[in-house]
Amino acid sequence: MMKILKWIFIAIAGLMVCGFLSFMITTKMIGNQNVSQQANTYQDDKSQNKKLKVNAGEYNLGVKEEDFRNAFNENAKSELKDLKIGLVKENIDLYEGDVAHSYNSIVTPYSQHLFVSYEPDTQLVRGIMLTGNPQDELEAIHYIGVITNIVAILNPDLSPEERTNILKKLGMFDGKKTNYRALDTSTQNGNITYKIKGTEKSVDFMVTAKGMNTVTKASTNANDPHNFKLDYDKYIMWKTKVYLNRKQGAAKYNEMKERLTK
């Protein structure tokens, strides 16, 4: 009996080691060229995107926030299922500003954040920004998966190759080992502007309507109604205040609980 158990244990251990090695080898084999091929797969014309009618204007991307969120999650489930990404509005804090409503959500297992702002009355999206700090190739694949998902949703009438060409104009998928932290580029396709900027600390991918400002200066842009970056700054200030209030509230609760239990 003991010998049988011993051989079962060895067989299971062998399978685990083989599985681990297979995962490691597969991970190491994923290069820039394969990522480019995956981007085309993610932007398959059979996807949910064909159901959307996107008509970007001067100050919005031509898609309602709910439609964008649903398409994002549908693509994630069907074409990006292995990456386990998603945008769950119920789990995030919504800032309801006068000019824009906005939220920031973790969309990948690697704490990559997606910020979305939209018009309160029409619900049309003003801008989208993905922020992350990919540490290895696997994390970079998740990051690029989100980017290709966004581009596919906003360009349902373009072929996968045409969508990929938008990203190539930003310096992505250049056939080399792209250093995303060195990128600082932008391009425009129709009424939509795409930007990517890398630093040592993060890589930011931003999509806005062509008339939206993406620079904030307190002296000149404090009340600019068409400033996406200002939407983000206002959200961060609000979120910081909410966090501090919650922290202070928790401290007061613990203090009261301690007094009552003495």
Side-chain angles (χ1 to χ4, degrees), residues 30 34-57 60-94 100-120 122-132 134 138-167 170 172-173 189-194 196 204-209 228:
I30 297 174
N34 287 350
V35 171
S36 181
Q37 291 170 354
Q38 288 178 19
N40 287 336
T41 302
Y42 299 157
Q43 300 179 55
D44 192 339
D45 286 333
K46 297 177 183 177
S47 69
Q48 174 81 0
N49 310 321
K50 279 294 180 183
K51 299 177 184 179
L52 285 180
K53 296 296 181 184
V54 179
N55 185 23
N60 65 67
L61 295 174
V63 60
K64 291 188 176 182
E65 183 279 326
E66 184 177 6
D67 292 335
F68 169 78
R69 178 164 33 91
N70 289 340
F72 185 95
N73 289 330
E74 186 66 28
N75 287 352
K77 278 191 236 176
S78 62
E79 298 175 41
L80 299 164
K81 57 186 177 181
D82 293 337
L83 299 189
K84 297 180 180 177
I85 69 173
L87 179 56
V88 184
K89 188 177 179 183
E90 290 71 22
N91 295 339
I92 59 182
D93 290 324
L94 176 66
H101 289 183
S102 57
Y103 58 81
N104 199 33
S105 175
I106 294 176
V107 290
T108 76
Y110 302 102
S111 297
Q112 294 168 357
H113 292 258
L114 192 67
F115 174 77
V116 179
S117 77
Y118 58 96
E119 299 171 353
T122 67
Q123 304 291 296
L124 290 169
V125 176
R126 288 159 59 90
I128 302 163
M129 181 166 65
L130 174 67
T131 302
L138 187 59
E139 292 184 23
I141 288 171
H142 280 78
Y143 190 89
I144 293 169
V146 176
I147 289 176
T148 57
N149 191 359
I150 294 170
V151 173
I153 292 168
L154 296 178
N155 297 278
D157 297 327
L158 296 184
S159 68
E161 291 74 21
E162 288 172 320
R163 296 172 195 152
T164 301
N165 284 336
I166 293 174
L167 300 179
L170 293 175
M172 300 172 62
F173 307 138
N189 186 68
N191 287 334
I192 302 178
T193 300
Y194 303 85
I196 188 167
D204 298 338
F205 175 75
M206 189 184 306
V207 184
T208 59
F228 175 68

Tell me the closest heavy-atom pair linking [X] and [Y], and the distance in Å.
X	Y	answer
Ile196	Met172	CD1-SD, 4.1 Å
His142	Pro109	CD2-CD, 3.7 Å
Tyr194	Leu170	O-CD2, 3.6 Å
Leu87	Asn73	N-OD1, 2.6 Å
Glu65	Tyr103	OE2-OH, 2.5 Å
Pro156	Leu154	CD-C, 3.4 Å

Report, as yes or no, whether the 6.0 Å neighbourhood of atom CD on Glu162 holds more than 12 heavy atoms from other residues, nucleotides or ligands.
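Enclosed.
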
Measure the OG-CG distance between Ser117 and Asn60 for me, rounded to the nearest 0.5 Å.
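Nearest 0.5 Å value for the OG-CG distance: 10.5 Å.
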
Atom pair CD (Gln112) and CD1 (Ile106), whose distance is rounded to the nearest 0.5 Å
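It comes to 10.0 Å.
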
In terms of the angle between their ring planes, are Phe228 and Phe115 parallel, tilted or perpendicular, with boundaries placed at 30° and 60°?
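Answer is tilted, since the angle falls between 30° and 60°.
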
Test Val116 against Arg69 for side chain to side chain contact (heavy atoms under 4.5 Å, CB included), laying out the working first.
CA-CA 10 Å; Val116 179; Arg69 178 164 33 91; over 6 Å; no

Which is it for Phe72 and Asn149 under the side chain to side chain contact (heavy atoms under 4.5 Å, CB included) test, yes or no, and what are the steps along the way?
CA-CA 7 Å; Phe72 185 95; Asn149 191 359; 3.5 Å; yes

Does any non-hydrogen side-chain atom of [Y] lie less than 4.5 Å from one of [X]?
X	Y	value
Thr131	Asn104	no
Ile166	Leu158	yes
Phe205	Val151	yes

If the condition is side-chain contact (heavy atoms from CB on, under 4.5 Å), which residues does Thr193 pass it with, not counting sequence neighbours?
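Scan of Thr193 (side-chain contact (heavy atoms from CB on, under 4.5 Å), adjacent residues dropped) gives Gln188, Lys195, Thr208, Lys210.
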
Can you check side chain to side chain contact (heavy atoms under 4.5 Å, CB included) on Ile150 and Leu114, steps first, answer last?
CA-CA 10 Å; Ile150 294 170; Leu114 192 67; 3.8 Å; yes

